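First the proteins, then the strands, lettered A, B, ... as listed; each starts at 1. Being a predicted model, the structure only gives us computed values, none of them experimental.
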There are 2 protein chains.
Amino acid sequence: MPTETNWLNPREARAWRIFVNAHKQLEARLHRLLLQDFGLTGADYEVLAVLSEHPTGRIPAQDLRDLLEWEKSRLSHQVRGMEEEGLIIREPNPADGRSAMICLLPAGRRAIQEAAPEHVANVRRHFIGLFTPAELDTFAALNERVLNHLAEEPFPGAIRS
Amino acid sequence: MPTETNWLNPREARAWRIFVNAHKQLEARLHRLLLQDFGLTGADYEVLAVLSEHPTGRIPAQDLRDLLEWEKSRLSHQVRGMEEEGLIIREPNPADGRSAMICLLPAGRRAIQEAAPEHVANVRRHFIGLFTPAELDTFAALNERVLNHLAEEPFPGAIRS
DNA sequence: CGGAAGAGGTTGAGACCTCAACCATACATC
DNA sequence: GATGTATGGTTGAGGTCTCAACCTCTTCCG
């Protein structure tokens, strides 16, 4: 155990600060646009995006959670809210009495179809469009190293389903 | 206005997904370690870090907000909580009757001094240590492009102080 | 069968964060 | 100086997310 702390030097501190801020501010901007222009939160959009990509628009709650990497209670709260708004609906899963199917309603499909073009355009404008294809790959590889390292050292209770 | 949506191709989608996930998961892990090992939230840590870097441990609330890039109501709520925990305290600012000084208390200094070494070590382990200095610079430059672009296109009501 | 263990989901409490409304003080301009 | 405007800060409501406790249904195994 080092009693002396190995503080970040300026180069390291800069890289860390910019890494954190870039994501935070971009996410905030995109969520804000989404909410202001279409009345959808980022969470709403993610759920609708997954459901609308499925041809049937119906998937088991468990699968949805795995795709989103969400906790089960989070999905439960989120789904309750979206059900009240009439975007989706819960139905019993005939294959397993404990499970639920999450089903896209017409209003939900309409909402994602309206929002997606502008949202994708915003992602292009604020992120994709800033880089060449080669830079995108470099960027992804660097970020991926962070993800892989986290996955290698799992946390006690990492995904508490 | 394009009626046809320019969807992300696989390379673009991958870069975007990994960019979002890397930050989200790393932040979650670090905050969790901080909370579990020292009972400090990420927000607590940030406030204490800024205060403890100031020799006097006392700075005007406005300066704190600027440094953290926080909304004023957020700082107000956060400060109230930390005041109840005895980490910091609010004092009137003699230079301006509207303003407040945020002051580090001994318990707050102790808390950050205990937590900082491990937190910095965690940042090293999960982020800095994964890259060469040159890679760090590359990474920072890419992230910086995102930040700069956001700054160029300010949002209506961007930092609503 | 029948009971234990486990998985899927819900709920409620509490922390965090944003927004809008509000209060008090300072500043500007006449 | 008096009035209008801007600034610093607080408050309360509401949405988001996590955690722990709980309930139901399934599965396993004697």
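- Rounded to whole angstrom, the span from the NE2 atom of A/His31 across to the C1' atom of C/dC16 amounts to 16 Å.
- Annotation: salt bridge (charged side-chain N to carboxylate O under 4.0 Å, His left out) contacts of B/Arg125 (sequence neighbours excluded): A/Glu153.
- At distances below 3.5 Å, not a single donor-acceptor pair connects side-chain atoms of A/Glu114 with backbone N or O atoms of A/Phe38.
- The distance between atom CH2 of A/Trp70 and atom C1' of C/dG8, rounded to the nearest whole Å, is 17 Å.
- Taking 4.0 Å as the cut-off between side-chain N and carboxylate O, B/Arg80 and B/Glu84 count as a salt-bridged pair.
- Proximity of a side-chain donor or acceptor of B/Asp66 to a complementary backbone N or O of B/Asp63 within less than 3.5 Å is not detected.
- In this structure, CD of B/Glu27 is placed 15 Å from C1' of C/dC17, rounded to the nearest angstrom.
- Taking atom CZ on B/Arg32 and atom P on D/dC17, their separation rounds to 16 Å, with Å as the unit.
- Atom-to-atom, CG of A/Leu35 to C1' of C/dC17 comes out at 13 Å; the value is rounded to the nearest Å.
- A close approach under 4.0 Å does not occur between any side-chain nitrogen or oxygen of A/Thr41 and OP1 or OP2 of D/dG15.
- Atom CD in B/Gln36 sits roughly 16 Å away from atom P in D/dT18 (whole-Å rounding).
- Rounded to an integer number of Å, the gap from CG of B/Asp66 to C1' of D/dG8 is 12 Å.
- Sorted by residue number, the members of residues 73-101 of chain B with any non-hydrogen atom under 4.0 Å from DNA chain C read B/Ser73, B/Arg74, B/His77, B/Asp96, B/Gly97, B/Arg98.
- Grouped with A/Met101 in a hydrophobic cluster is no other residue, since no side-chain heavy-atom contact under 4.5 Å to another Ile, Leu, Val, Met, Phe, Trp or Tyr is found.
- We find that A/Lys24 and B/Glu69 are not joined by a salt bridge, their nearest charged nitrogen and carboxylate oxygen being 4.0 Å or further apart.
- We find that CD of B/Glu71 is positioned 14 Å from C1' of C/dA21, with the value rounded to whole Å.
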